[in-house]
> 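Have a look at this one.
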Amino acid sequence: MIKKEMIKKHLLTCSVMLVLVLISKLNIFSTTITEKVVKTENTGNRTSKFIFIKSTANAYNFANEALPVNDARVTRKLNVSLKQHTFKTVQSNVLHRKAEKWFPIIEPILKVYGIPDDFKYIPLVESGLHSGTSPKGASGLWQFMPGTARTYGLKVGHGVDERNNLRKSTIAACKYIKELYGEFNSWTLAAAAYNNGSIKLEKAITRQNEDNYFRMSLNRETGSYIYKLIAMKAIIQQPQKYGYTSYYAFTPPTQLLNFN
């Protein structure tokens, strides 16, 4: 009889210990989950569930900063820009001809200065279909204003205008873009500031208390600028998808050059 009582007590003790172990395990898992949530919520002021990281090579993005196409407003603006750049609308292969001519010069310079390759589409957007000087005085493939061009080492005046020199103007653009990235810590915002000016963009960020380009309310040109770059990238990388049946393929150079 005593032996049976001892066995019962032993089994009861084991059961209690087993329950305590299970509770302990559950607490550990609960703590781990909580820590993961905290880490997700504190990933930075430009990361949220609204913007997802690029998942595939064909995802729409600029400089690997993903486009939030799950947002109806953003999707609409992207679709409008893509439609504006199809062959049916543009009816010209001049963009592909210029890409073939310009990219082998632009790409290695961007790489040397640590600028994402997607910035090579800026000249196509800025002056791809048109040439000459804008009403505001911007000129060249990178559409530099005279003062900005001089700031970044280009000669403008006295019969010389290096804004039209692809190599030299690309070097100047890289210096400018790198400075903009240092100010805004975002390639998307750096591109927007390239279009609108850093002072105006900084004022917009402060006024709206928002530093996510896709959430901001900007003037019409700057508000559509990144979408134009993404659309340009799409028609150059996938020309047949957007109606271009005659286009030029180009092979990016692999040799790094010293432009300093």
> Do side-chain atoms of Q143 reach the backbone of S127 as a donor and acceptor pair under 3.5 angstrom?
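Such a contact is absent between Q143 side chain and S127 backbone.
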> Are L124 and W102 side-chain neighbours, meaning at least one heavy-atom pair lies under 4.5 Å?
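Of all side-chain heavy-atom pairs linking W102 with L124, at least one is under 4.5 Å.
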> Kindly determine whether Y242 and Q237 satisfy side-chain hydrogen bond (donor to acceptor under 3.5 Å, both in side chains), including the steps that lead there.
CA-CA 10 Å; Y242 298 98; Q237 291 187 346; over 6 Å; no
> Keeping the roles fixed (side chain from S81, backbone from L78), state whether a donor-acceptor pair exists under 3.5 Å.
no
> Measuring from atom CD1 of I205 to atom CG of D211, what distance do you get when rounded to the nearest 0.5 angstrom?
6.0 Å
> Just verifying a value: how many Å separate R76 CZ and D71 CG, rounded to the nearest 0.5 Å?
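Separation between the atoms: 10.0 Å.
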> May I ask you to decide if M216's main-chain N or O and E210's side chain share a donor-acceptor pair within less than 3.5 Å?
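Looks like no, no N/O pair under 3.5 Å.
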> Yes or no on side chain to side chain contact (heavy atoms under 4.5 Å, CB included) for L67 and F214, after CA distance, side-chain angles and deciding distance?
CA-CA 8 Å; L67 183 74; F214 298 105; 2.8 Å; yes
> Determine whether L218 and L201 satisfy the following criterion, side chain to side chain contact (heavy atoms under 4.5 Å, CB included), listing intermediate values before the conclusion.
CA-CA 8 Å; L218 301 166; L201 185 62; 4.1 Å; yes
> If you take all heavy atoms of I106 and P123, which pair is closest and at what distance?
CD1-CG, 3.9 Å
> Measuring from L166:CG to K101:NZ, what's the distance to the nearest 0.5 Å?
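Answer for the CG-NZ pair, L166 versus K101, is 8.5 Å.
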> For the residue pair G153 and E162, what are the closest heavy atoms and their distance?
O-OE1, 3.9 Å
> Consider only side-chain heavy atoms of I, L, V, M, F, W and Y, link residues closer than 4.5 Å, and tell whether L189 and V74 are in one cluster.
yes
> Transitively linked via ILVMFWY side-chain contacts under 4.5 Å: Y60 with I235?
yes
> Check this for me: K77, atom NZ, are more than 12 non-hydrogen atoms of other residues, nucleotides or ligands nearer than 6.0 Å?
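Counting neighbours around NZ of K77, more than 12 heavy atoms of other residues, nucleotides or ligands fall under 6.0 Å, so yes.
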> As a test of understanding, state which of Y121, W142, F144, Y225 forms a side-chain contact (heavy atoms from CB on, under 4.5 Å) with E126.
Y225
> According to side-chain contact (heavy atoms from CB on, under 4.5 Å), who are the partners of A191, at least two apart in sequence or on a separate chain?
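A191 satisfies side-chain contact (heavy atoms from CB on, under 4.5 Å) with F62, F119, I226, L229 once adjacent residues are dropped.
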> How many angstroms lie between atom CD1 of I230 and atom OG1 of T188, to the nearest 0.5 angstrom?
7.5 Å
> Does G147 offer a backbone N or O that forms a donor-acceptor pair with the side chain of T151 under 3.5 Å?
yes
> Counting only N and O atoms by type, is there a donor-acceptor contact under 3.5 Å from the side chain of T89 to the main-chain atoms of K83?
yes
> Can you give me the closest heavy-atom contact between S139 and T133, atom names plus distance?
OG-OG1, 3.4 Å
> Quick one: do M145 and L154 end up in the same hydrophobic cluster if we chain Ile, Leu, Val, Met, Phe, Trp and Tyr together by side-chain heavy atoms under 4.5 Å apart?
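No, no single cluster joins them.
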> Parallel, tilted or perpendicular: which one describes the rings of Y194 and Y176, with boundaries at 30° and 60°?
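Tilted: the ring planes of Y194 and Y176 meet at 30° to 60°.
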> Does W187 offer a backbone N or O that forms a donor-acceptor pair with the side chain of E65 under 3.5 Å?
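Yes: the side chain of E65 pairs with the backbone of W187.
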> Could you tell me how the ring of F87 sits relative to the ring of Y244: parallel (under 30°), tilted (30 to 60°) or perpendicular (over 60°)?
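If you compare the ring of F87 with that of Y244, the planes turn out perpendicular.
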> Minimum heavy-atom separation for S217 to Q208, with atom names?
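Looking at all heavy atoms of both residues, the shortest contact is O-NE2, 2.7 Å.
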> Inspect the surroundings of CZ in R73 and state if more than 12 heavy atoms from other residues, nucleotides or ligands are less than 6.0 Å away.
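Yes, because the 6.0 Å sphere around CZ of R73 holds more than 12 heavy atoms from other groups.
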> Is any side-chain heavy atom of I236 less than 4.5 Å from a side-chain heavy atom of H96?
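SC-SC contact between I236 and H96 confirmed.
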> Do N61 and N64 make a side-chain contact, defined as non-hydrogen atoms from C-beta onward lying under 4.5 Å apart?
yes
> Can any side-chain N or O of R167 pair as donor or acceptor with the backbone N or O of I105 at less than 3.5 Å?
no
> Under the side-chain contact (heavy atoms from CB on, under 4.5 Å) rule, collect the residues that match up with K175, sequence neighbours excluded.
Y113, Y152, I171
> Taking the inter-plane angle between the rings of Y227 and Y213 on a 0 to 90° scale, is it parallel (under 30°), tilted (30 to 60°) or perpendicular (over 60°)?
tilted
> Using the rule given for side chain to side chain contact (heavy atoms under 4.5 Å, CB included), can you reason through C174 versus I109, listing the C-alpha separation, both sets of side-chain angles and the distance that settles it, and then say yes or no?
CA-CA 8 Å; C174 285; I109 300 176; 4.0 Å; yes
> Please collect all salt bridge (charged side-chain N to carboxylate O under 4.0 Å, His left out) contacts where either partner lies in residues 223-233, sequence neighbours excluded, each pair once.
D118-K233
